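The block underneath contains the structure these notes are about, expressed in structure tokens.
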Amino acid sequence: MPRYLTVEQVKAYCRSEIPTDDDEWIEAACDAAEMTLDRECGRQFVVASGASARVYAPTNYEVLTIHDAVSISSVVSGGATVAAADYQLEPLNGLTIYGESVPYTKIRLLSGSWWVGTANDKEATVSVTASWGWSAIPARIKQAALIIAKEIITNRDEVKLGLVGFSDVGGVTARTNPIVRETIQHYKRVEAFGVA
């Protein structure tokens, strides 16, 4: 089931350039486009709902990298609850440098250090309870998903040089669309260390 797009949105975007009576194929293209974006960005763009706990293995004594979270209700390190006044959520104010609202991806301790465990530095010693995800799916991610879905649909019957293989939704190429690449570059997570 598509998360970023609807079949109707793809049909409207593609206008008369694609057959509009194959909803199952269009939905599969939507799913493939969304999975491509998730993989390329190193994250899933989902709207946050409810709160749940996740565990992390600190790789740094001061900064803990976490999954995308819109709010954090509890942080426990080495079995001890960390007071909200003793940590700072980043990016600060939940904003990028150019003012776009984004989820928190790091927790910085303002005093003390993360409990790194006794066995080794890969032990999950921090538990974070949060509302995971985004407050809304970014418009640029939706636009990139439309572009990719259209490419999948329109390339279904084409044979192009550079094909790496075939999936259940068509050919998979090693190339990337330059518009998509530019659109998503600021949404890529480069740090994945400590995220379990």
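Note that the structure is predicted; figures quoted are calculated from it, not measured.
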Nearest-0.5 Å distance, CG of residue Asp22 to NZ of residue Lys11: 9.0 Å
Where is the tightest heavy-atom contact between Thr129 and Ala53, given as atom of each residue plus distance? OG1-CB, 3.6 Å
Given 3.5 Å as the limit, does a donor-acceptor pair link the side chain of Trp134 with the main chain of Asp68, or not? no
Check this for me: Ile97, atom CD1, are more than 12 non-hydrogen atoms of other residues, nucleotides or ligands nearer than 6.0 Å? no
To the closest 0.5 Å, what do you measure between OH (Tyr4) and CE (Met35)? 10.5 Å
For the CD1 atom of Ile141 and the CG atom of Leu146, what is their distance to the nearest 0.5 Å? 11.5 Å
Please determine whether residues Ile147 and Ile26 belong to a single hydrophobic cluster, defined as Ile, Leu, Val, Met, Phe, Trp and Tyr linked transitively by side-chain heavy-atom distances below 4.5 Å. yes
Residue Leu110 excluded, over 12 heavy atoms near CG under 6.0 Å: yes
Note: Ala130 and Ala69 closest approach over all heavy atoms is CB-CB, 3.9 Å
Evaluate the side-chain proximity of Val128 to Ile72: yes if any heavy-atom separation is below 4.5 Å, no if none is. yes
Distance check, rounded to the nearest 0.5 Å: Leu64 atom CG versus Lys106 atom NZ? 10.5 Å
Sort and list the pairs that fulfil side-chain hydrogen bond (donor to acceptor under 3.5 Å, both in side chains) and have at least one residue in residues 88-103, not counting sequence neighbours. Gln88-Glu90, Glu90-Arg108, Glu100-Arg140, Glu100-Tyr187
From Cys14 atom SG to Glu151 atom CD, the distance as rounded to the nearest 0.5 Å: 10.5 Å
In terms of ring plane angle, is the pair His67 and Trp132 parallel, tilted or perpendicular, where the classes change at 30° and 60°? perpendicular
